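Since we're looking at a predicted model, the values are computed, not measured.
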Amino acid sequence: MKKIKVMAVFGTRPEAVKMAPLALELARRPGIQAQCCVTAQHREMLDSVLDIFGVKPDFDLNIMQPRQTLSSITSKTLLGMEAVLEQARPELILVHGDTSTTFAGALAAFYHQIPVGHVEAGLRTYDKYSPFPEEMNRLLVSSLADLYFCPTHTNSTNLEKENHRKNIFITGNTVIDALQTTVKKDFTFSQAVLNQLDYQNQKIILVTCHRRENYGQPMAQIMTALRRLADAFPDVQMVYPVHLSPVVQEAARAYLDKHPRIHLIAPLAVDEMHNLMARCHLVMTDSGGLQEEAPALGKPVLVLRRETERPEAVEAGTVRLAGVEEQPVFQMAARLLEDPAAYAQMAHAVNPYGDGKACVRIADAIEWHFGLREKPPAPFAPRA
């Protein structure tokens with residue numbers, strides 16, 4: 001039987017976390033010849049995820065350079081993908097989400113008239129500059145894609161409103177699949193401070209803050225609120241794995257350094273981040289992925305942004321928008337630290353993003369599309 005060549009293309013750590021379980025699922029399918037191409041838009045952080053999941057790329061463009069620009073990422077990916085696609089000749093390209101690698105990978109596939117499958121399709125804020133450049137990347141990829149793998153019904157509705165009405169599959173989010181591999185009860189962290197924290201008797205707040213639209217005054221406001229929280233609540237320990245961006249590094253040091261209960265640490269490998277999340281009390285973040293991951297682990301999330309492309313979590317009650325102003329950020333976090341009922345309401349809400357079977361649904365949908373399966377997969381629906 002001729003195998004269908006399916007190539008997964010990704011380049012950042014968040015993409016790798018969500019695509020690695022899918023790459024492994026595709027490799028298990030006898031009717032699929034799974035291929036993997038990484039751009040290495042993030043080099044070290046990408047490699048750590050590949051090692052954890054045991055994924056070995058067939059092609060590595062290795063494009064990362066210091067202070068790289070959006071233009072350099074896009075152009076290097078386009079040029080690198082040209083040689084890869086001519087050599088590998090896949091019958092389907094899979095891209096994930098909304099990065100510059102995602103857009104350039106989909107565009108390269110289009111230039112070679114290769115169908116595109118978009119994993120995590122249909123997320124929207126409808127503000128093309130927020131998040132930047134992600135919102136425009138995913139809009140452009142939706143126009144290039146042939147298969148749409150949506151985490152939720154809301155995502156599929158967004159696509160239908162934009163007249164993308166064929167080959168839409170509601171699968172759940174593959175990041176929930178990833179958690180099944182990474183979270184362990186007996187996990188030991190590589191950074192000593194994380195092994196020394198008292199997770200039972202103190203309230204550990206996990207912080208991430210790195211988005212471009214938060215650079216400048218928004219980030220200064222957020223950092224000020226974080227320090228106020230650490231000062232106001234003696235039982236709080238704050239852990240902030242600081243992004244490698246020089247802008248973020250400088251802001252974190254300026255506002256948060258030398259506080260005895262704020263721990264500015266190096267970026268964490270995905271398994272360490274997931275296990276820290278599983279043990280923490282509260283997550284405060286401007287990341288997209290953590291809005292999906294933390295609720296699966298029963299952790300409330302305060303989003304340090306003005307909007308989110310993940311409204312399902314807000315509606316479900318697992319996530320709240322805290323914004324980027326000092327006082328609202330402080331007040332919303334303080335309420336969760338002081339009010340057990342408010343905390344429990346968020347912690348016990350139903351996660352709307354998946355059941356750990358998204359990769360199976362995506363692989364089933366691909367097999368159905370190519371005639372290897374009689375029926376498409378049943379859509380994911382959150383439990384009541």
Trainee: According to side chain to side chain donor-acceptor pair (under 3.5 Å), who are the partners of Q191, at least two apart in sequence or on a separate chain?
Mentor: none
Trainee: With sequence neighbours left out, write down each residue that passes side chain to side chain donor-acceptor pair (under 3.5 Å) with D364, or none if nothing qualifies.
Mentor: R29, R373
Trainee: Identify every side-chain donor-acceptor pair in residues 31-38 under 3.5 Å, counting partners at least two apart or on other chains, and give the distances.
Mentor:
none

Trainee: Which residue pairs pass the ring-ring contact (aromatic ring centres under 6.0 Å, His included) test when at least one of the two sits in residues 92-148, sequence neighbours left out?
Mentor: Y148-H164
Trainee: Going by side-chain contact (heavy atoms from CB on, under 4.5 Å), name the residues that satisfy it together with T182, two or more places apart in sequence or in a different chain.
Mentor: I52, F53, L179, D271, H274
Trainee: Residues in ring-ring contact (aromatic ring centres under 6.0 Å, His included) with Y240, at least two apart?
Mentor: none
Trainee: Among all residues two or more places apart in sequence or in another chain, which pass the side chain to side chain donor-acceptor pair (under 3.5 Å) test with D257?
Mentor: none
Trainee: Do N201 and D198 pair up side chain to side chain, a donor and an acceptor below 3.5 Å, judged on atom types alone?
Mentor: yes
Trainee: Which residues satisfy the side-chain contact (heavy atoms from CB on, under 4.5 Å) test with Q180, sequence neighbours excluded?
Mentor: none
Trainee: Test of understanding: with side-chain contact (heavy atoms from CB on, under 4.5 Å), list the residues that count as partners of K357, not counting sequence neighbours.
Mentor: D355, R361
Trainee: With sequence neighbours excluded, give me every ring-ring contact (aromatic ring centres under 6.0 Å, His included) pair touching residues 172-222.
Mentor: F187-F189, H210-H243
Trainee: What residues, two or more places apart in sequence or in another chain, satisfy side-chain contact (heavy atoms from CB on, under 4.5 Å) together with H348?
Mentor: A344
Trainee: For E135, check salt bridge (charged side-chain N to carboxylate O under 4.0 Å, His left out) against everything at least two apart and list the hits.
Mentor: R138
Trainee: Within the 3.5 Å criterion, strictly below it, is a donor on T285 or Q291 matched to an acceptor on the partner's side chain?
Mentor: no
Trainee: Under a 3.5 Å cutoff, is there a donor and acceptor pairing between the side chains of N137 and D98?
Mentor: no
